[in-house]
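These numbers were taken from a predicted model, which means no experiment stands behind them.
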Amino acid sequence: MCGIVGIVGKSNVNQALYDALTVLQHRGQDAAGIVTSHDGRLFLRKDNGLVRDVFHQRHMQRLVGHMGIGHVRYPTAGSSTSAEAQPFYVNSPYGITLAHNGNLTNVEQLAKEIYESDLRHVNTSSDSEVLLNVFAHELAQRGKLQPTEEDVFAAVTDVHNRCVGGYAVVAMVTGYGIVGFRDPHGIRPIVFGQRHTDEGVEYMIASESVSLDVLGFTLIRDLAPGEAVYITEDGKLHTRQCATNPSLTPCIFEHVYLARPDSIIDGVSVYKARLRMGEKLAEKILRERPDHDIDVVIPIPDTSRTAALELANHLGVKFREGFVKNRYIGRTFIMPGQAARKKSVRQKLNAIELEFRGKNVMLVDDSIVRGTTCKQIIQMAREAGAKNVYFCSAAPAVRFPNVYGIDMPSAHELIAHNRSTQDVADLIGADWLIYQDLPDLIEAVGGGKIKIDKFDCAVFDGQYVTGDVDEAYLNKIEQARNDASKVKTQAVSAIIDLYNN
């Protein structure tokens, strides 16, 4: 869950890249970076932190050029030190920079190939740097002094042949153009669009359509699975299908939690999908508890608000805002340590007592991952005087880790892993708990005008669409992802950074 953007403009693109990254900030709050190209030279600024903290006026003034790419990051593969901030750069061939959203599942094999066969050095633990070196090697194999669009597309084809996993990529070939491409399953989202200026047509590639909207670009379409788009420095647009057997299997969790509601992904409005999630939940409640005694429906801000509103409408009960959110606290789902998450919940939300006192309250959240947040929120509702606290998840039970670019915890940290709904209700302290059914979620997201028949639902059903994820792989990522390992990694990294500084 990172955010990527690339722009080929007719004037300096630094401000447009900055603005696009602020719109995509919800996709990553760990680090940010921008690189631009001017007269064959690259200008890069990246560091840990929010977009507004990484880029100051002195940095923006140095980011000259009418072509550039940007990235907002949260930790997926690798640690969260500044060395992992993107975009990454290699000097051969041509000078290539790359930003990546997703995760490669065969990264160990690729890293070995890069060292032993491609004779390239990888300097970080990030799979994005591995992907960059694969792309650079394949482009170098063309042996051209000046690459053409045919060379670029051939290199992307070879990337697809070597890389497995979920990935959406923007890469800049210094002095030549920007390429964007998507994995053959279309797991991670990527769109492109254009805007007309007095100087000519400008093009933009981004993770979500909302960033195009805000900057005045018109959405052309999503990149198809396996497809690449190449925009030359002088503004010529080329597209090509680069995969042999592409199939659209997008990550359904984008619609549940990751994406902004005002985005459109693969032709599906995230906002309307979440409305339909609320409808489906209401129908399930009416089936299972037709005599419910819910007095009020209260969303847990912000992602669940749309589903909660429609849920209340269909149940015919009041919808109220019962929590005030401190918008200067990051998303707890993507905070690296359990202790940090526990501390941040109380800082992030405060209950409005009059909406709880003496009432049977239905709290609605987009999903339940670790259970840490919802347990504390339920306790807050009781402390505010709620008579009974019911809990509703707009997503099914999250029972399996994600391996395609969402840094969900290892299986043993998922509260629903190997537990029943009643077990989870008891653990979080809810009087009763209701999950969305997976067929209903699939229908809610894929049931609009644009039909998507299959989604990556691995976090719910354990079915990994790339076909290479087995028990051994999951055990390996469990070792890497558990919170104890993360805390240790960050502590060591902090010591290294301190020593280097």
Side-chain angles (χ1 to χ4, degrees), residues 2-8 69 98-105 131 134-135 138 149-171 177-194 203-213 217-232 236-255 258-259 263-270 273 404-405 442 445-458 464-467:
C2 298
I4 59 174
V5 59
I7 298 176
V8 177
I69 63 175
L98 179 144
H100 162 226
N101 172 34
N103 191 57
L104 303 180
T105 54
L131 198 157
V134 172
F135 176 66
E138 298 304 336
E149 65 270 18
E150 297 296 330
D151 299 321
V152 170
F153 292 139
V156 174
T157 297
D158 290 335
V159 168
H160 290 330
N161 290 336
R162 294 180 65 180
C163 297
V164 183
Y167 51 91
V169 175
V170 288
I178 289 179
V179 58
F181 55 92
R182 192 179 190 188
D183 72 83
H185 292 278
I187 297 171
R188 302 262 70 88
I190 183 170
V191 300
F192 67 102
Q194 65 180 18
Y203 291 97
M204 178 175 173
I205 307 167
S207 291
E208 294 185 33
S209 63
V210 62
S211 55
L212 276 69
D213 299 338
F217 283 78
T218 301
L219 174 66
I220 295 176
R221 59 181 173 83
D222 299 80
L223 276 179
E227 187 182 20
V229 56
Y230 178 54
I231 305 156
T232 60
K236 292 184 175 62
L237 176 73
H238 307 272
T239 62
R240 181 77 55 83
Q241 176 54 255
C242 298
T244 305
N245 295 304
S247 62
L248 181 58
T249 316
C251 174
I252 203 166
F253 211 73
E254 289 278 353
H255 291 272
L258 302 182
S263 284
I264 297 173
I265 298 177
D266 293 312
V268 177
S269 163
V270 176
Y404 302 127
I442 292 171
V445 178
K449 293 181 181 178
I450 305 296
K451 297 290 184 181
I452 300 176
D453 295 325
K454 188 175 181 181
F455 290 91
D456 166 43
C457 302
Y464 296 94
V465 298
T466 53

Give the C-alpha distance, both sets of side-chain angles, the deciding distance and a yes or no for side chain to side chain contact (heavy atoms under 4.5 Å, CB included) between R188 and L258.
CA-CA 11 Å; R188 302 262 70 88; L258 302 182; 4.0 Å; yes

Can you check side chain to side chain contact (heavy atoms under 4.5 Å, CB included) on S211 and V5, steps first, answer last?
CA-CA 9 Å; S211 55; V5 59; 5.6 Å; no

So H238 and T232, side chain to side chain contact (heavy atoms under 4.5 Å, CB included) or not? Walk me through it.
CA-CA 8 Å; H238 307 272; T232 60; 4.1 Å; yes

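The shortest heavy-atom contact between V445 and I252 is CG2-CG1, 3.9 Å. The two residues A168 and P189 make their nearest non-hydrogen contact at CB-O, 3.6 Å. For the pair Q241 and A224, the tightest heavy-atom approach, listed with the atom from each and the gap, is NE2-CB, 4.4 Å. Annotation for I265 and A259: closest pair CD1-CB, 3.6 Å, computed over non-hydrogen atoms. The minimum heavy-atom distance linking G6 with V170 is given by the pair N-CG1, 4.3 Å. Pairing each heavy atom of A273 with each of V268, the nearest pair is CB-CG1, 4.3 Å.
One distance of note links CG of D266 with CZ of R221; it measures 11.5 Å at 0.5 Å rounding. If you take CG on N103 and CG on D183, they are separated by 11.5 Å, rounding to the nearest 0.5 Å.
F192 has its side chain within reach of T239: a pair of non-hydrogen atoms, C-beta onward, lies under 4.5 Å apart. Side-chain contact between V229 and L237 is present, with at least one heavy-atom pair separated by less than 4.5 Å. The shortest distance between side-chain heavy atoms of Y203 and F217 does not fall below 4.5 Å. Side-chain contact between V465 and Y404 is present, with heavy atoms from C-beta onward closer than 4.5 Å. Counting heavy atoms from C-beta outward, Y167 and R182 have side chains that stay 4.5 Å or more apart. At a threshold of 4.5 Å between non-hydrogen side-chain atoms, the residues P225 and H185 do not count as touching. You'll find the side chain of L104 reaches within 4.5 Å of the side chain of L131, heavy atoms only. Side-chain contact check for V191 versus L219: some heavy-atom pair is nearer than 4.5 Å.
Using cut-offs of 30° and 60° on the angle between ring planes, the pair F181 and F135 is tilted.
Legend: residues meeting side-chain hydrogen bond (donor to acceptor under 3.5 Å, both in side chains) with K236, ordered by chain and number and at least two apart, are D234. For the side-chain contact (heavy atoms from CB on, under 4.5 Å) test, residues two or more places apart in sequence or in another chain that qualify with I264 are S209. Legend: residues meeting side-chain hydrogen bond (donor to acceptor under 3.5 Å, both in side chains) with Y230, ordered by chain and number and at least two apart, are absent. Residues satisfying the side-chain hydrogen bond (donor to acceptor under 3.5 Å, both in side chains) criterion with E138, sequence neighbours excluded, are R162.
Sequence neighbours left out, the pairs with a member in residues 238-247 that pass salt bridge (Lys or Arg N to Asp or Glu O under 4.0 Å) are E150-R240.
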Could you give the side-chain donor-acceptor pairs of residues 242-250 under 3.5 Å, partners two or more places apart or in another chain?
none

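Side-chain atoms of D456 do not come within 3.5 Å of backbone N or O of C251 as any donor-acceptor pair. In this structure, S263 contributes its side chain and E208 its backbone to no donor-acceptor pair below 3.5 Å.
Under the side chain to side chain contact (heavy atoms under 4.5 Å, CB included) rule, I69 has a single partner from I178, I4, I205, which is I178.
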